[in-house]
Amino acid sequence: MQNYLKKCLAFIFMLPFLFSCTTHYISQWQNYDKENVLADDGNLMMKNDTIGVSHAFNSTDGTVLVRIENYSQNPMLINLTKSALTINGKTFGYVDGKSTVRGWLDTFGSADGGQFGSFGGEIAGKTNTLFVPPHSYVEGSFANIQPEVRKIVGDGFQGNRVDYPLFDTPASTTLSFYEDTNSPMKLSSFINYSLIDEDNRPISTKVVNQNFYMSGFFEVKNMGNMELNRNLLTREDLGSYSISRGHGAGVVLFLAGLVGLVVVLADLVDEE
């Protein structure tokens, strides 16, 4: 009887996994600026005698990681309020102007049934400028592009089902490849920077512009989140989002099975 109960318990706890499925959607980005050079880490970057800028798309939250290097003898100031990212011409600011409110809220009831209260805390604004000393670099994550990718390409795109080695080994993948002329998404990044003197006054102000297009889109199943995130660490040109289906049905069946097991156990107790 104990072995029977162990098998029932194992089956019940496996139900949410048997009836759930996670599909990963992975976008590949290609830089098509002629002025680009290959960085030491293998990533394409815009580089001149003053500044180097590179972008990575493999963050788990959908933001774009931007690395800015200062090669000059002067400090550099990056003005994020005058910098932006565009997707198919739609502008997304590197800073959204929002602030985070931290604190507590106390409410009190009044005699006439209304409420009043007090708030205590602080409001934290987001940094809109970045200071880069000579011969150093700064990194930051900005502009979540994941919602726009999902809106434009979606999770029901038409592609070819093949075994494709997106990472180390071939895996069953639905995919589509694009040239820059027929890509569904084009992305441009504009970084405003100034060299400043010893009195923090701008010497010169310029804008670095980099252009990307979606060169591939992949639908991958049978891969866990941990495995996907581990693979993405080596591919800065890939962005991703995941959609899970069937968790609700699995949970309902799990609860139903658990109730059934309780009923069986109650009957066994009564028989004893």
Side-chain angles (χ1 to χ4, degrees), residues 5-31 41-44 54-67 87 139-178 183-185 187 212-261:
L5 291 177
K6 288 180 180 178
K7 291 179 180 179
C8 285
L9 284 172
F11 176 74
I12 288 172
F13 284 109
M14 284 294 294
L15 281 174
F17 301 98
L18 294 175
F19 288 88
S20 64
C21 176
T22 298
T23 303
H24 306 292
Y25 298 93
I26 301 171
S27 56
Q28 184 174 28
W29 296 90
Q30 177 67 41
N31 194 311
D41 59 2
N43 189 31
L44 288 174
S54 62
H55 296 70
F57 301 91
N58 57 345
S59 65
T60 57
D61 61 357
T63 57
V64 179
L65 177 65
V66 182
R67 178 186 173 104
I87 298 178
E139 292 179 334
S141 295
F142 311 96
N144 186 350
I145 66 172
Q146 186 183 102
E148 200 68 11
V149 175
R150 294 184 63 169
K151 184 173 71 174
I152 294 175
V153 185
D155 57 352
F157 81 106
Q158 299 298 316
N160 299 315
R161 192 75 179 177
V162 298
D163 286 336
Y164 181 76
L166 180 60
F167 299 110
D168 293 335
T169 57
S172 182
T173 307
T174 301
L175 56 82
S176 291
F177 291 108
Y178 310 100
S183 174
M185 293 189 67
L187 184 152
F212 304 84
Y213 70 95
M214 182 185 289
S215 59
F217 196 73
F218 312 88
E219 179 188 85
V220 180
K221 298 180 180 179
N222 302 321
M223 181 181 295
N225 288 324
M226 292 182 63
E227 181 183 359
L228 173 65
N229 293 335
R230 185 170 61 251
N231 288 328
L232 288 176
L233 288 176
T234 64
R235 295 291 302 273
E236 293 186 345
D237 62 325
L238 300 181
S240 72
Y241 62 90
S242 302
I243 295 178
S244 297
R245 299 179 176 88
H247 285 297
V251 171
V252 170
L253 289 172
F254 168 78
L255 293 175
L258 196 59
V259 170
L261 182 61

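Because the structure is predicted, anything quoted here is derived from the model rather than measured.
- Interatomic distance, T60 OG1 to L228 CG, rounded to the nearest 0.5 Å: 10.0 Å.
- I26 places none of its side-chain heavy atoms less than 4.5 Å from the side chain of F217.
- Remark: N229 CG is packed, more than 12 non-hydrogen atoms of other residues, nucleotides or ligands lying under 6.0 Å away.
- The main-chain N or O of M214 is found under 3.5 Å from a side-chain atom of S183 such that the two form a donor-acceptor pair.
- N144 is not listed as a side-chain neighbour of V64, based on a closest heavy-atom distance of 4.5 Å or more.
- Between the side chain of R235 and the backbone N or O of L166 there is at least one donor-acceptor pair closer than 3.5 Å.
- Summarising the geometry, atom OH belonging to Y241 is positioned 8.0 Å from atom CD belonging to Q146; distances are rounded to the nearest 0.5 Å.
- Within the 4.5 Å cutoff, no side-chain heavy atoms of L65 are placed close to those of H55.
- Remark: N58 CG to N231 CG distance equals 11.5 Å, nearest 0.5 Å.
- Defined by atom type and a distance below 3.5 Å, a donor-acceptor pair is present between the side-chain atoms of Q28 and D237.
- Scored by the side chain to side chain donor-acceptor pair (under 3.5 Å) test, S59 finds D61, T63 as partners (sequence neighbours excluded).
- No side-chain donor-acceptor contact under 3.5 Å links T234 to the backbone of L232.
- Taking the six-membered ring where tryptophan is involved, the planes of F218 and F177 are perpendicular, since the angle between them exceeds 60° and thus also 30°.
- Taken to the nearest 0.5 Å, the CD atom of E227 stands 8.5 Å off from the CZ atom of F167.
- Taking the six-membered ring where tryptophan is involved, the planes of F212 and F57 are perpendicular, since the angle between them exceeds 60° and thus also 30°.
- Between the side chains of R161 and T174, a donor-acceptor pair is found at a separation under 3.5 Å.
- Residues V220 and T23 have side chains not in contact (no heavy-atom distance under 4.5 Å, counting atoms from C-beta outward).
- Taken to the nearest 0.5 Å, the NZ atom of K221 stands 5.0 Å off from the SG atom of C21.
- P170 is linked by a side chain to side chain contact (heavy atoms under 4.5 Å, CB included) to D163, P165, counting only residues two or more places apart in sequence or in another chain.
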task = Quick one: do W29 and S27 satisfy side-chain contact (heavy atoms from CB on, under 4.5 Å)? Show the steps, please.
result = CA-CA 7 Å; W29 296 90; S27 56; 3.1 Å; yes
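- A salt bridge links E148 to K151: one of the charged nitrogens lies within less than 4.0 Å of a carboxylate oxygen.
- Proximity of Y178 to S176: side-chain heavy atoms (C-beta onward) are separated by under 4.5 Å at one or more points.
- For the pair M185 and V153, the minimum side-chain heavy-atom distance is below 4.5 Å.
- Atom CE of residue M223 and atom OG of residue S242 lie 10.0 Å apart, to the nearest 0.5 angstrom.
- Counting only N and O atoms by type, the side chains of S240 and H24 include no donor and acceptor under 3.5 Å apart.
- Judged purely by atom type and a 3.5 angstrom limit, T22 has no side-chain atom pairing as donor or acceptor with the backbone of N225.
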